[in-house]
Amino acid sequence: MTPAAARRARQRLTVAAVALGAGLCVLGIGPRLRWLETADRHLLQFLLARTGDDPATLAGTGGHTDARRVRGAPVRVPAGELPPPRFLAVTDDPEGIFEASPPSPADVLVVLANLRQLGHRQLALAVPLAWDDPDPIAVAAVNHQLDGFEPAVVGVPLARGISPAAPPPAFARLAVPVARIRGDAGPLPVVNQVALPNPLCGEAAALAAFTRLESEAAPDFSARQTPAMVPLLARWDDRVVVALPLGVMMARFHVGAAELVITPGRDIRLGPDGPIIPIDLHGRAAVSPGTASRTVVTPAAALIVAAGEPRPETLQPALLPLVIRDDRSAAPEPERAYAQALADVLVALDRAPRAGLVNPIPRPHTAIEILVVAALAGLSAWLCGLRPRLRHPLAAAAVLAGIGSAWITLAAFHTASPPLALAIAPLAGWLASPCCRPTQPAAEPPAEPPAKPEPPPEPQPEPPAPEPAPEPPAPAPRLPARPVRPASSKGRKPRRKR
């Protein structure tokens, strides 16, 4: 092997070793280093967006023991499989079964105690629990009954006034901090006080949600062809409170405020398995009038029966929490309109698409990953011997080929190696190829032919002795100067005599 060929072989082996080492390092320790795992996650999310999966649901670190996981596309539950909303209606009481109309704290206490006796564990109240001068003992008993449900969601109207107040504890337990909102919470409606004096919301465990926003226009359900925009969110100080229908859905799917994911202008996600409710920037959901084709309504007076008499079957516990609403003819018009539209809103939220099933993205066998990285390293070693005009575009194509191989296996087999490792191997070889190119030795000048021996110098004749310089001639004797005659008075020279 010539020295030039040996230099080229050493260069290619060096580039192959650098590329192989970089790729294997990312394969092995990439899931353990946070910055490498984050870079690989972003690259995999980019590939998932091209395969139709939701990149926002990506989980896992990408290791062999903690594979990546992604949820499939949202699915819709057929309308026939959804339970109808069930209401306990507070109606007119011509027979005087209750103590007062609207029911007094003592009446509400009896209703709540009977529901707990029937086995109800979840309850929602669209009837405001506020009285002018209630009995303190009855108020304490009602709060105790509310805290006994798992949970009880109490609806209270909210407003925006000149005297702001802090959110009550029951609202704070069901609220989401503004810092956890994914996006801008500025367009959400703003509230700062309760619209009723001293409403009952429980003491320790009950939750509170708003029924109406008195500072906002009420949803219009009169137009059958136009969906009504129902507010589901409102901003109170540094928290975002939820509406009563959303609180009912959270109780049904056992979702707490910590599991609620809110993205204004996109959707509200009720935990990993709950509905995905589309909303606009103002936190409103579109609800078509007449969505609820069937509802189950039971008068509240049916709870008050004599000992031993059976209660209606509609009062038995079911999947959807029971909602108490105000159907009295003497109820205020906003309360009656809200009660009539509540069924459509609950059905619309329940029909929202569910999150898809969790699909793991396993990694191929370790030997297959090593072979793929070795092939990319060998390709980089071959490319390093090309001219720069060809090496650079082909090396960039090799990097894209590594990422493309991960995308192909992800789309075809739903399995993929860490795409960052498949991109780092050819990239490291590309960057190392100019540094590993040996400097070419300078060309030696051609050897000069040996000089011919110079002939011995011929004897030169001795130059003749220099002749003595001739003596300079003696200077000539100097003659005396001729006297000069003065000029005549007329200015003429005197005439010379002959």
Can a donor-acceptor pair be found, under 3.5 Å and without considering hydrogens, that links the side chain of [X] to the backbone of [Y]?
| X | Y | value |
| --- | --- | --- |
| D40 | L420 | yes |
| R363 | G62 | yes |
| N192 | G161 | yes |
| R325 | A89 | no |
| T211 | A126 | no |

Donor-acceptor pairs under 3.5 angstrom involving side-chain atoms of residues 226-235: please list them, not counting sequence neighbours.
| from | atom 1 | to | atom 2 | distance (Å) |
| --- | --- | --- | --- | --- |
| R235 | NE | A185 | O | 3.3 |

Checklist entry - side chain to side chain contact (heavy atoms under 4.5 Å, CB included) with I29: which residues, sequence neighbours excluded? => result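 I29: side chain to side chain contact (heavy atoms under 4.5 Å, CB included) contacts with R32, L33.
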
Next on the checklist: Before you tell me yes or no, could you show the steps for V373 and L422 under side-chain contact (heavy atoms from CB on, under 4.5 Å), namely the whole-Å CA-CA distance, both residues' side-chain angles and the distance that decides it to 0.1 Å?
Outcome noted: CA-CA 6 Å; V373 173; L422 304 183; 4.2 Å; yes

May I have all residue pairs that pass salt bridge (Lys or Arg N to Asp or Glu O under 4.0 Å) and include part of [range], sequence neighbours excluded?
| range | value |
| --- | --- |
| residues 239-260 | R252-D350 |
| residues 275-287 | D280-R284 |
| residues 102-122 | none |

Item to check | side-chain contact (heavy atoms from CB on, under 4.5 Å), paired with R294, selected from P85, P83, P84 | outcome: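 Going through the options one by one, the only one that passes is P84.
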
Checklist entry - Does Y338 have any ring pair (Phe, Tyr, Trp, His ring centres under 6.0 Å) partners at least two apart in sequence or in another chain, and if so, which? => result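 Scan of Y338 (ring pair (Phe, Tyr, Trp, His ring centres under 6.0 Å), adjacent residues dropped) gives none.
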
Could you tell me if the side chain of [Y] sits less than 4.5 Å from the side chain of [X], heavy atoms only?
| X | Y | value |
| --- | --- | --- |
| V372 | E369 | no |
| P134 | P105 | yes |
| V108 | W131 | yes |
| L112 | L123 | yes |
| T298 | R86 | no |
| L200 | V154 | no |
| V287 | F221 | yes |

Would the number of heavy atoms belonging to other residues, nucleotides or ligands and lying under 6.0 Å from [atom1] of [X] be above 12?
| X | atom1 | value |
| --- | --- | --- |
| D92 | CG | yes |
| H144 | NE2 | no |
| W407 | CH2 | no |
| L281 | CG | yes |

Checklist entry - CG of L129 to CG of N198: how many Å apart, nearest 0.5 Å? => result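 These two atoms lie 12.5 Å from each other.
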
Item to check | Carboxylate-amine/guanidinium proximity below 4.0 Å for R160 and E216 | outcome: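 No, no charged N to carboxylate O under 4.0 Å.
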
Next on the checklist: Let's go through I277 and L246 carefully: what are the C-alpha distance in whole Å and the side-chain angles of both, what is the deciding distance for side-chain contact (heavy atoms from CB on, under 4.5 Å) to 0.1 Å, and is it a yes or a no?
Outcome noted: CA-CA 10 Å; I277 304 170; L246 184 57; 3.9 Å; yes

Item to check | Taking every non-hydrogen atom, the tightest pair across A425 and G23 | outcome: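 What the structure gives for the nearest pair is CB-CA, 4.2 Å.
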
Item to check | Residue pair L270, L349: steps toward the side-chain contact (heavy atoms from CB on, under 4.5 Å) verdict | outcome: CA-CA 11 Å; L270 276 69; L349 299 188; over 6 Å; no

